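This structure is a prediction, so every number in the text was calculated from the model and none was measured. Just follow the structure's listing: the first ligand is 1, and inside any ligand the first atom is 1. Numbers here simply count residues along the sequence, with the first being 1.
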Amino acid sequence: LIDLLIAHAAELVTCRTGPRGAIGPGLAQLEVIADGAVAIDRGRIVEVGPTRQLARRHHARRVLQVRGRLVSPGLVDPHSHLIFAGTRHEEWEDRVLGRAIPPGRLTGIRYTVARTRRASAAVLRAQALADLDTMLAHGTTTVEVKSGYGLDRDTELRLLRVAASLRHPVCTVLTYLGAHVVPTEYLDRRDAYVDLVIDTMPEARRHAEYCDLCCDPNCFTTDECRRMAKAALALGYRLRVHADQNGPVGAAELAAELGASSADHLDHVSPAGMRAMARRGTVGVLVPGVTHHLMEMTPRPDGRRLLPAQSPFWPRLVRRMIAAGIRLALAADYNPGSSPTQSMQAVMQLAARLYRLGYAETWHMSTINAAWALDRGEDRGSLEAGKRADVVVWTVPEHGMVINRFGVNLVDIVMKDGRVVVERGVPV
Ligand SMILES: [Zn+2]
């Protein structure tokens, strides 16, 4: 006798792959079971297969009939800046319209930092919980959460304490990102800020599993990042890297050298960086929300600004990464400046369009490969025996429709560890 049988899914996409995730040609090979079923007991998946087989083999206390609907793994979002105050929608309008930013106005990350430092833990917590509700309603069951809008010891630790205190069905994985940018007050003494990031690491480690480093022309140099990474590794952190977003600085190479779990952004990754990541198994996390939201505001390597959808730049780069054998994942990179969306569904739609990815590729990158980006590929990210029963039932019958349709929520039911946490697209 098992707890639950999900039966008669029009399509069941398992996102099951080889032992390390979907790589190279495997990225395009998606397992789809027609009239599929999932057997679940005590929060874990017991078996996945055709309903005909599973209904014979298992007696369930409850049967959930999902005729005419798609069933998939819960979406995994391996990069978010969940905890912040200060939205930047006004700055975005100025940039979209090409208006001059008034002199002296704080913009970008530094604006959000100023607002976040003034926000109380209660305000930050309430907003984060509301955002987690939105993520869950759109099918995300695991999300990585970074600090990084404090950039001083007290605020960074406060953000991590808020993140650690969130009680919510979405599973959160915590990351210390003191090394986001050099705060204004340290611009003429960068080394002192790097020291501060390192000094905060032991206490931040009480909450955070990962340490993230922004290695980019606008943030920290490879030497600064290497110094911080060594300190983090000595404290038992695993590493993530914001890599080569605004220019090629060798961040992907560094991420691979340090054994980072992921290198994210990668807009200007070098061929050597790609080879190093593939060799070391560093997951490449792409953030199409940023590509979309900043669009022609994102300079190409030749300095021109073109819509990515009209330019072969993005699709060609992503094809090169796939051909190099990098495990690729997608993330919403939820943040108030460059990607203000909580929805991995939206991100899947943007990825397919802007990077010209197939449906199968997009699904693997949002589930099993995203789980590997968080070192959790053995535990979640696909529907197979032994894994957590993190399951989404969609309102549409076929997996391609989730990506082809855009701008509306297609989630019907979400299950976390075998428990129904969303019904009719609304958290219960
Ligand atoms: Zn980020």
Side-chain angles (χ1 to χ4, degrees), residues 76-88 91-92 107-113 116 128 131 135 140 142-151 155-156 159-160 163 172-183 197 204 208-220 225 228-229 232 237-247 249 251-252 254-255 260-269 282-294 297-298 328-344 346-347 350-351 365-366 370 373-374:
V76 177
D77 183 350
H79 184 142
S80 96
H81 301 258
L82 181 73
I83 320 283
F84 66 87
T87 152
R88 303 215 294 272
E91 177 186 335
W92 187 78
T107 59
I109 293 171
R110 291 182 181 95
Y111 169 81
T112 304
V113 167
T116 303
D131 286 333
M135 289 176 176
T140 298
T142 297
V143 65
E144 186 259 13
V145 173
K146 302 176 199 299
S147 68
Y149 289 123
L151 306 186
T155 316
E156 283 296 312
L159 299 184
L160 288 172
T172 53
V173 177
L174 270 50
T175 299
Y176 168 52
L177 177 60
H180 199 180
V181 289
V182 179
V197 171
E209 173 179 346
Y210 291 96
C211 179
D212 194 339
L213 307 163
C214 269
C215 191
D216 185 270
N218 299 345
C219 305
F220 296 90
C225 287
M228 292 187 280
Y237 282 101
R238 283 188 276 201
L239 301 176
R240 329 191 63 79
V241 179
H242 281 66
D244 299 321
Q245 182 184 359
N246 294 294
V249 295
L254 181 70
S261 299
S262 76
D264 304 26
H265 288 281
L266 298 170
D267 306 40
H268 298 279
V269 61
T282 317
V283 178
V285 175
L286 306 180
V287 291
V290 178
T291 311
H292 166 75
H293 201 63
L294 301 186
M297 295 182 273
T298 305
L328 285 181
L330 296 172
D333 189 7
Y334 175 54
N335 77 77
S338 59
S339 186
T341 181
Q342 300 94 333
S343 169
M344 278 296 286
V347 161
L350 295 174
M365 288 167 69
S366 317
L374 296 176

### Query
Can you list the residues that meet the side chain to side chain donor-acceptor pair (under 3.5 Å) rule with Thr140, with sequence neighbours excluded?
none
#### Entry: Ser343: side chain to side chain donor-acceptor pair (under 3.5 Å) partners, not counting sequence neighbours
none
### Message
Going by side-chain contact (heavy atoms from CB on, under 4.5 Å), Lys146 matches just one of Asp212, Asn335, Asp333, Leu82. Which one?
### Response
Asp212
### Query
Relative to each other, are the rings of His265 and His242 parallel, tilted or perpendicular (30° and 60° limits)?
tilted
### Message
In terms of relative ring orientation, are Tyr149 and Phe84 parallel, tilted or perpendicular, with 30° and 60° separating the classes?
### Response
perpendicular
### Task
Spell out the protein N/O/S atoms under 2.8 Å from the Zn ion (ligand 1) as residue plus atom name.
His79 NE2, His81 NE2, His242 NE2
### Task
With sequence neighbours excluded, tell me which residues meet side chain to side chain contact (heavy atoms under 4.5 Å, CB included) with Ala255.
Val241, Ala260, Ala263, Thr282
